[in-house]
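In this chain, numbering begins with 1 at the start of the sequence shown.
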Amino acid sequence: KMITRYQMIGVVGSLGKNAMSNNIRHQLLIGGKTKCFLKGYRGIIDSFLHFKVKIEGELQSDVKTLYPVMLVTKINLIL
């Protein structure tokens with residue numbers, strides 16, 4: 001299985017009641033539109049909610065959702 005790493009810049013948003021699971025509770029917004037769902041530690045990603053970030057991660061091809069799911073391996077705040 002080949003692992004492809006991606007980098008994206010956007011704003012972290014909450015999925016709220018539409019959370020996919022305990023670990024898929026956030027989305028990355030680019031230009032105000034959902035680009036992907038974010039999978040990772042809720043407590044860490046929560047601290048970046050509504051902030052512009054640079055995200056690195058791996059797409060999870062085995063998870064079937066409306067948008068691609070990225071397993072977050074690195075997140076940086078953009079000032």
Side-chain angles (χ1 to χ4, degrees):
K1 179 180 171 184
M2 191 170 160
I3 297 174
T4 307
R5 297 190 190 280
Y6 290 89
Q7 289 185 358
M8 292 187 212
I9 294 176
V11 175
V12 175
S14 173
L15 290 175
K17 295 177 185 171
N18 297 319
M20 303 290 129
S21 73
N22 217 21
N23 293 328
I24 305 174
R25 309 184 64 82
H26 300 90
Q27 60 187 324
L28 187 69
L29 303 164
I30 299 176
K33 297 185 189 240
T34 301
K35 184 68 175 177
C36 66
F37 294 148
L38 303 175
K39 181 178 182 178
Y41 294 111
R42 179 181 182 184
I44 294 173
I45 300 176
D46 272 350
S47 61
F48 292 93
L49 201 55
H50 308 298
F51 287 102
K52 187 174 183 181
V53 296
K54 177 180 175 184
I55 296 231
E56 292 182 29
E58 304 164 4
L59 288 185
Q60 305 289 284
S61 58
D62 59 331
V63 181
K64 304 297 179 212
T65 57
L66 187 59
Y67 295 97
V69 173
M70 180 185 285
L71 173 62
V72 177
T73 56
K74 188 174 183 180
I75 185 168
N76 295 98
L77 182 65
I78 296 181
L79 299 177

Is it the case that one hydrophobic cluster holds both Leu59 and Leu66, taking links as side-chain heavy atoms less than 4.5 Å apart, direct or via other members? no

Hydrophobic cluster membership, with links at side-chain heavy-atom distances under 4.5 Å among I/L/V/M/F/W/Y: are Val69 and Leu71 in one? no

In terms of heavy-atom contacts, Thr34 and Phe37 come closest through CG2-CE2, 4.1 Å

Before giving the answer on side-chain contact (heavy atoms from CB on, under 4.5 Å), spell out for Val72 and Ile44 the whole-Å C-alpha distance, their side-chain angles and the decisive distance to 0.1 Å. CA-CA 10 Å; Val72 177; Ile44 294 173; over 6 Å; no

Quick check: closest heavy atoms across Pro68 and Cys36, and the distance to 0.1 Å? O-CB, 3.2 Å

Only residue of Met70, Arg25, Gln60 satisfying side chain to side chain contact (heavy atoms under 4.5 Å, CB included) with Lys39 is Gln60

If I take atom CD1 from residue Ile45 and atom CD1 from residue Ile75, how far apart are they, to the nearest 0.5 angstrom? 6.0 Å

Taking all non-hydrogen atoms of both residues, which atom of His26 and which atom of Leu49 are closest, and how far apart? CD2-CD1, 4.0 Å

At what distance, to the nearest 0.5 angstrom, does CG of Asn18 lie from CE of Met20? 6.0 Å

d(Lys35 NZ, Gln27 CD) to nearest 0.5 Å is 13.5 Å

Could you please spell out the steps behind the side-chain contact (heavy atoms from CB on, under 4.5 Å) verdict for Lys54 and Gln7? CA-CA 7 Å; Lys54 177 180 175 184; Gln7 289 185 358; 3.4 Å; yes

Looking only at heavy atoms, which two atoms of Phe48 and Leu77 are closest? And how far apart? CE2-N, 3.8 Å

Closest approach of Leu38 to Ile55 (non-hydrogen atoms, all atoms of both residues): CD1-CD1, 3.7 Å

For Leu28 against Val12, the heavy-atom pair lying closest together: CD1-N, 4.4 Å

Any link between Tyr67 and Val63 through a network of hydrophobic side chains (Ile, Leu, Val, Met, Phe, Trp, Tyr) touching at under 4.5 Å? yes

